[in-house]
Number of protein chains: 2
Amino acid sequence: MSEKPPCDGASAAAVRAPRRVRADSQRNLKTLLETALAVFSTSGVEAPVREIAEKAGVGIGTLYRHFPQRSDLIVAVVRKEVDACAETAAELAAAHAPFEALKCWMQRYVDLVLTKRGLAAALYSGNPAYESLPAYFEGRLLPALQGLLDAACAAGEIRRDVEPYDLLKAVAQLSSSAHDGDPAHTRRMVALLIDGLRYGAAGEQ
Amino acid sequence: MSEKPPCDGASAAAVRAPRRVRADSQRNLKTLLETALAVFSTSGVEAPVREIAEKAGVGIGTLYRHFPQRSDLIVAVVRKEVDACAETAAELAAAHAPFEALKCWMQRYVDLVLTKRGLAAALYSGNPAYESLPAYFEGRLLPALQGLLDAACAAGEIRRDVEPYDLLKAVAQLSSSAHDGDPAHTRRMVALLIDGLRYGAAGEQ
DNA sequence: TTGATAAACGGAACGATGTTCCGTATAAAG
DNA sequence: CTTTATACGGAACATCGTTCCGTTTATCAA
């Protein structure tokens, strides 16, 4: 058996010392994600991978090292966006009154849906690579919205008979039908929908 | 000016004698449509055009002469399929009792939706080439279903309070959710839905 | 029947795209 | 500083959709 210097106090068997991840690798990964988000928002998800690699100042080989398939990059970007949107909920809840936070977050969610132009095509493409995305959407976004709704309910600012899932879906539908209209209209309609939550609240006037 | 032999008794100006469409051209067009339908049903709409041309025993140039864009071929096949489905309605109405005809046609419609796997992606792709398809669906299928429903209503076999549009959409949804399930389940559920039409009919037992 | 001719055919070639491969560069560890 | 695992870069490949143009052929008039 080959002798290796002890990793630490643990038994020397099995696992070999895992070298730390190279700094440039981490940097490139971060840059690629940011660039891909920017490009996807501008040109849609069907943008060529080469364009993303170039704008990130990185070779195609590097891109493919981090994301073996084009779909992996798309999935990573979407998940990161969803994460960011979900995390916004807590921030808004801490900074505003419950209903105000809810209202702001909904507009944030509209942004999320709006910038994902062309993603629906990928989702419905039958490509197994995207199958996990809808579940991820729900898993992250539902709890976030649930928290906001609970807080607003507890404060007596909104009614209690609305399901987070229904709300999420309704807003998504309002947003997706606006692919040929102006985003301002979508925002107004969503605001109207959310205002509807105040009707019949516990602390009604 | 060049001299041309007179076309016919009409004034010699403007229109020249339009030569008849070549027989091989018509034949190739027909073959291409049939082959494309077969290939799309097997491999999905994302099948390469070259494969279709080869299986049709035709050069790519010929395919592109008839369908300048890949999307043109897809649209043509879909429209032809929709036409065929719509025309089935009249045949079934002539051959069966009203409700039986309705029931059969619905299963025919399920087939139509089922074989169009992956077409949803094209529809939602934002490609303007497919924008006209949903309207064509409604324009052809709604009247067909309307006729079957009217006949069944007149015979007192079903209730009158169901809109053709709602029915079409419901069945499509039942079918599309089956992309990961078995078609048999879809068929049973659709049959159940249609049987629901008999509840509360004029001539109820 | 036989040219003349417009129309259709066939497929090589082009450009774009996703993906692979491998020689080179370099950050981390001793 | 030397070593070495790791990551990088980009040429090269395969596969698309699409274009182009020389060749073939169905139609029509004589």
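Treat the numbers as computed from the prediction; the structure is a model and nothing was measured. Proteins come first, then strands; the chains are lettered A, B, ... in the order of their sequence lines, and each starts at number 1.
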Exercise. Is a side-chain N or O of Glu157(A) found less than 3.5 angstrom from the main chain of Ala152(A), in a donor-acceptor match?
Worked result: no
For this session: Look at the side chain of Thr35(A) and the backbone N and O of Thr31(A), then say whether any donor-acceptor pair between them is shorter than 3.5 Å.
Result: yes
Seminar exercise, completed: Protein heavy-atom contacts under 4.0 Å, written 5' to 3' over nucleotides 21-28 of chain C as B (base), S (sugar-phosphate only) or - (none), form the string -----BBB
Problem set entry | Strand contacts (DNA chain C) in residues 38-58 of chain B, 4.0 angstrom heavy-atom criterion | Arg50(B), Val58(B)
Send over the distance from [X] [atom1] to [N] [atom2], rounded to a whole Å.
X: Leu29(A); N: dC8(D); atom1: CG; atom2: C1'; answer: 14 Å
X: Arg70(A); N: dT20(C); atom1: CZ; atom2: C1'; answer: 17 Å
X: Leu73(B); N: dC16(D); atom1: CG; atom2: C1'; answer: 15 Å
X: Ile60(A); N: dT19(C); atom1: CD1; atom2: C1'; answer: 9 Å
X: Gln69(A); N: dT17(C); atom1: CD; atom2: P; answer: 18 Å

Exercise. Tell me, which pairs form a salt bridge (charged side-chain N to carboxylate O under 4.0 Å, His left out) where one or both residues lie in residues 34-46 of chain A, sequence neighbours left out?
Worked result: Lys30(A)-Glu34(A)
Salt bridge [X]-[Y], side-chain N to carboxylate O under 4.0 Å:
X: Arg187(B); Y: Asp111(B); result: yes
X: Asp166(B); Y: Lys169(B); result: no
X: Glu81(A); Y: Arg140(A); result: no

Problem set entry | Results of ring-ring contact (aromatic ring centres under 6.0 Å, His included) for Phe40(B) - residues two or more places apart only | none
Exercise. Just to confirm, is there a sub-4.0 Å distance from OP1 or OP2 of dC9(C) to any side-chain nitrogen or oxygen of His66(B)?
Worked result: yes
For this session: Please state whether the phosphate of dC9(C), meaning OP1 or OP2, lies under 4.0 angstrom from any side-chain nitrogen or oxygen of Asn28(B).
Result: yes
Exercise. Restricting to pairs with a member in residues 105-130 of chain A, which pass ring-ring contact (aromatic ring centres under 6.0 Å, His included), not counting sequence neighbours?
Worked result: Trp105(A)-Tyr109(A), Tyr124(A)-Tyr124(B)
Exercise. Considering only dG10(C), dT18(D), dC8(D), which nucleotide approaches the side chain of Thr62(B) most closely?
Worked result: dG10(C)
Could you give the side-chain donor-acceptor pairs of residues 57-78 of chain B under 3.5 Å, partners two or more places apart or in another chain?
unit_1   : atom_1 : unit_2   : atom_2 : d
Arg70(B) : NH1    : Ala47(B) : O      : 2.8
Arg70(B) : NH2    : Val45(B) : O      : 2.2
Asp72(B) : OD2    : Gln69(B) : N      : 3.0

